[in-house]
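On a predicted model such as this, the values are computed, not experimentally measured, just so you know. Residue numbers start from 1 in every chain, and the chains themselves are labelled A, B, ... in the order their sequence lines are given, proteins ahead of strands.
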Number of protein chains: 2
Amino acid sequence: MTEKDDFTLQDFLPFLLNRAAEESSLGFQRHYKDRYGMLRTEWRVLFHLGNYGQMTAKEIGERAKIHKTKISRAVAKLAEKRFVTRTRDESDRRAEHLTLTPAGQSAYRELRDVAQEFDAKLCRQFTTGEVAILRYMLRKLAGIGP
Amino acid sequence: MTEKDDFTLQDFLPFLLNRAAEESSLGFQRHYKDRYGMLRTEWRVLFHLGNYGQMTAKEIGERAKIHKTKISRAVAKLAEKRFVTRTRDESDRRAEHLTLTPAGQSAYRELRDVAQEFDAKLCRQFTTGEVAILRYMLRKLAGIGP
DNA sequence: GAATATTAGTTGTTTTTGTAACTAACAAGG
DNA sequence: CCTTGTTAGTTACAAAAACAACTAATATTC
């Protein structure tokens, strides 16, 4: 069975990437899940709004490569939680601009700080150079800008 | 909004890892999906059996950190496709040993070769040293072996 | 060696996701 | 303008994942 297998699943990049992603997500998940009852997409939308300010659903989707139905549902949940407000664009009444409410901003700030610390903790087990290479490679693999 | 934000989502490791994982999985997915109608877990189980030989569901779950219900359903599908056979362990009749049928082995070999080539293609955009660092870091992040 | 606890694997139910089809608003070409 | 095409976002339905409860076999303990 293991005749000429110099190739193991443990080395297969998509597998490794998935495992690493899952493992690293788990630790952070409980913060937005337990504390705010959020789903991953909700947190990501919150994060984008907090980070880049007012955006439309479409812009968020493009930036984070999230499908529009996921965003639509996440925004609905966030609006229900009174974390975002929606305002129609008067020059193009199909689009709506999303902004964080004060409550949303405060949740964002808290989660951003946790995320920052979490990220730092992950990085601490590597050298600065290694982390730089990792980010560079992941960005390239993810097809995210320069 | 963007007051003191030196921290962007695009740099957050769990996000980057997830994006890279999703992106790289997508390219490989169509091979096992289109050609064999498999799901990701099915492919992973197939791969483990092909790679390590006879295993129990529990062993696969431990090695790949897949939940037992997912494995149970994947094995059921694979058995339905006549890719694996199950044999009860006579000394512990709760467990069953899974092995690939000839058809399963041939599917495994084909997908393994595709995976190998796919992996190589992913790596080609980086230097050998970079890839080594990436694998090392991902393994560490994933909590996989040495 | 009966009562209790564990373990391997399965099944059922609920959430979440993926996909397709939809509505409403806009754009362009004739 | 008015048909045709496109776009932003939603909704409905199907596929998949998560979680809990289950069965059957084995260990443990008193």
Do we see a donor-acceptor contact under 3.5 Å between the side chains of [X] and [Y]?
X	Y	answer
A:T56	A:D89	no
A:T85	A:T99	yes
B:N18	A:R40	yes

[X] vs [Y] aromatic rings, parallel, tilted or perpendicular, using cut-offs 30° and 60°?
X	Y	result
A:Y52	A:H48	tilted
B:F12	B:F7	perpendicular
A:F118	A:F28	tilted

Sugar-phosphate, base or nothing in reach of A:R88, heavy atoms under 4.0 Å: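 Nothing: the residue A:R88, judged by heavy atoms under 4.0 Å, touches no strand.
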
Sugar-phosphate, base or nothing in reach of A:K58, heavy atoms under 4.0 Å: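 Contact class for A:K58: sugar-phosphate only.
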
Distance in angstrom units between A:I71 CD1 and D:dT11 P, rounded: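 Those two atoms, CD1 and P, are 16 Å apart.
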
Rounded interatomic separation in angstrom, taking CD from B:E22 and C1' from C:dT17: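 Going from CD in B:E22 over to C1' in C:dT17 covers 11 Å.
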
Crowding at NZ, B:K33 (>12 non-hydrogen neighbours, <6.0 Å):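 Atom NZ in B:K33 is not crowded, with 12 or fewer foreign heavy atoms closer than 6.0 Å.
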
For residues 76-84 of chain A, which side-chain N or O atoms pair as donor and acceptor with protein atoms under 3.5 Å away, sequence neighbours left out?
unit_1: A:K81; atom_1: NZ; unit_2: A:E42; atom_2: OE1; d: 2.8

Between protein and nucleotides 24-26 of chain D, what N or O pairs are separated by less than 3.5 Å?
unit_1: D:dT26; atom_1: OP1; unit_2: B:R93; atom_2: N; d: 2.9

Distances for protein N/O vs nucleotides 13-18 of chain D N/O pairs under 3.5 angstrom?
unit_1: D:dA18; atom_1: OP2; unit_2: B:K70; atom_2: NZ; d: 3.3
unit_1: D:dA18; atom_1: N6; unit_2: B:R73; atom_2: NH1; d: 3.4

